[in-house]
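One structure is given below, encoded as structure tokens.
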Amino acid sequence: MTAETVAPAWMHSQISAEQYDSWSEEQCAGIEIVDGMVVVSPSASKRHNRLARILANVLDAAAGPDWNADTDFDVRLQDVPLTNRRPDVIVYRAETLDVTPTRPEHILLVVEVVSPGSETTDRIVKVDQYAKAGIPFYWRVEQAATGVPIVYTYVLDPATEAYRDGEMFTGTIKATVPFSVTADLDVI
């Protein structure tokens, strides 16, 4: 069995921003590009997708006319080598809805819902990448064994290009920067 029968050739070589931008939405779905290499994520569970959708809906409703919240959205962290991430939820400037690619300066908040298999990436790797890109807020949502999600919030310190710990929430989120949010995240 050759590598080509397991994965197409484009998954074995470094991808440029121009190549990625020429791909169809179907080719880009479910993948991220890290340092020019394709990273395929396993399909998210129904619980994971539901939690992300509930949170995006609440954030979108609370954000007002200046901000939008969405799921399944590419964020171009850097062009060379290409690094494209697909956070579970992003809050971005409404006037950049049609701007492609979405860049860190368009984004206020990224949210990652941690799933089995993504723990290290969501807790360490992405946190560092989002901070270095200058995204002001990062939330990590852990799916606790009790079924009540735990939300860890982080605020960017631009001087150190690192996040400092913010508040932790369970079950209900209340945030005030730059908008007020209350969300009941019990998804069972």
Side-chain angles (χ1 to χ4, degrees), residues 17 20-21 28-37 39 41 44 48-49 51-115 118-142 149-169 173-181 183 185:
Y20 184 80
D21 292 342
C28 297
I31 67 169
E32 294 179 313
I33 310 292
V34 179
D35 294 331
M37 300 304 292
V39 177
S41 301
H48 179 280
N49 290 337
L51 185 55
R53 184 175 45 81
I54 288 169
L55 189 52
N57 289 345
V58 170
L59 288 167
D60 196 50
D66 295 333
W67 300 95
N68 293 334
D70 278 307
T71 60
D72 200 28
F73 213 98
D74 276 346
V75 176
R76 177 77 45 92
L77 298 179
Q78 66 184 35
D79 288 312
V80 179
L82 179 61
T83 299
N84 250 35
R85 286 294 188 179
R86 193 173 282 247
D88 293 309
V89 179
I90 70 167
V91 176
Y92 60 96
R93 295 182 190 288
E95 75 261 10
T96 64
L97 178 65
D98 295 319
V99 175
T100 303
T102 300
R103 299 205 177 263
E105 59 268 20
H106 305 145
I107 298 171
L108 177 68
L109 165 70
V110 291
V111 179
E112 293 289 352
V113 178
V114 178
S115 294
S118 74
E119 294 95 343
T120 301
T121 303
D122 291 343
R123 291 180 186 148
I124 299 169
V125 178
K126 288 183 179 182
V127 175
D128 185 55
Q129 290 175 338
Y130 294 146
K132 287 193 179 357
I135 297 172
F137 300 95
Y138 175 71
W139 290 1
R140 187 182 81 240
V141 181
E142 301 274 343
I150 302 169
V151 181
Y152 299 89
T153 66
Y154 303 90
V155 179
L156 182 66
D157 177 353
T160 63
E161 290 186 335
Y163 288 111
R164 61 178 167 76
D165 291 345
E167 296 182 63
M168 183 182 80
F169 302 94
I173 294 176
K174 293 179 182 169
T176 56
V177 184
F179 41 77
S180 179
V181 176
L185 296 179

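Position 1 is the first residue of the sequence; numbering continues from there.
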Indicate yes or no: at least one non-hydrogen side-chain atom of [X] is less than 4.5 angstrom from one of [Y].
| X | Y | answer |
| --- | --- | --- |
| V114 | V141 | no |
| R76 | D21 | yes |
| V111 | L55 | yes |
| P101 | Y20 | no |
| T153 | F137 | no |
| V75 | I107 | yes |
| P136 | L109 | no |

Determine whether a donor-acceptor pair (N or O, by modelled atom type, separation under 3.5 Å) exists between the side chain of T121 and the backbone of S118. no
Set of side chain to side chain donor-acceptor pair (under 3.5 Å) partners for [X], sequence neighbours left out:
| X | result |
| --- | --- |
| Y154 | R140 |
| Q129 | R85 |
| R103 | D79 |
| R93 | none |

### Query
About how many Å separate CG of L59 and CG of L108, when rounded to the nearest 0.5 Å?
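Rounded to the nearest 0.5 Å, the CG-CG separation comes to 9.5 Å.
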Measuring from D72:CG to C28:SG, what's the distance to the nearest 0.5 Å?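 If I round to the nearest 0.5 Å, the distance is 10.5 Å.
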With [X] via side-chain contact (heavy atoms from CB on, under 4.5 Å) - residues at least two apart:
| X | result |
| --- | --- |
| A52 | T71, D88, V89, V113 |
| D66 | none |
| P104 | L77, A133, I135 |
| T160 | D157, A162 |

For A56 and A69 the tightest heavy-atom approach is O-CB, 3.5 Å
Test of understanding: with salt bridge (Lys or Arg N to Asp or Glu O under 4.0 Å), list the residues that count as partners of R123, not counting sequence neighbours.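 R123 satisfies salt bridge (Lys or Arg N to Asp or Glu O under 4.0 Å) with E142 once adjacent residues are dropped.
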Applied to residues 76-102, the ring-ring contact (aromatic ring centres under 6.0 Å, His included) test, sequence neighbours excluded, yields F73-Y92
Regarding D70 and R53, does a basic nitrogen lie under 4.0 Å from an acidic carboxylate oxygen?
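Salt bridge: no.
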### Message
For Y152, give me all partners under ring-ring contact (aromatic ring centres under 6.0 Å, His included), at least two apart in sequence or on another chain.
### Response
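By the ring-ring contact (aromatic ring centres under 6.0 Å, His included) rule, Y152 matches no residue at all.
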Point to revise | Pairwise salt bridge (charged side-chain N to carboxylate O under 4.0 Å, His left out) hits with a residue in residues 125-138, at least two apart | key: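 Passing the test, one end in residues 125-138: E32-K126, E112-K126, D122-K126, D128-K132.
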*asked:* Please determine whether side chain to side chain contact (heavy atoms under 4.5 Å, CB included) holds for the pair T83 and D35, giving the CA-CA distance in whole Å, both sets of side-chain angles, and the decisive distance to 0.1 Å.
replied: CA-CA 5 Å; T83 299; D35 294 331; 3.9 Å; yes
Query - Passing candidate, side chain to side chain contact (heavy atoms under 4.5 Å, CB included) with Y138, options V155, L156, V127 - result: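 When V155, L156, V127 are each tested with Y138, the side chain to side chain contact (heavy atoms under 4.5 Å, CB included) holds only for V127.
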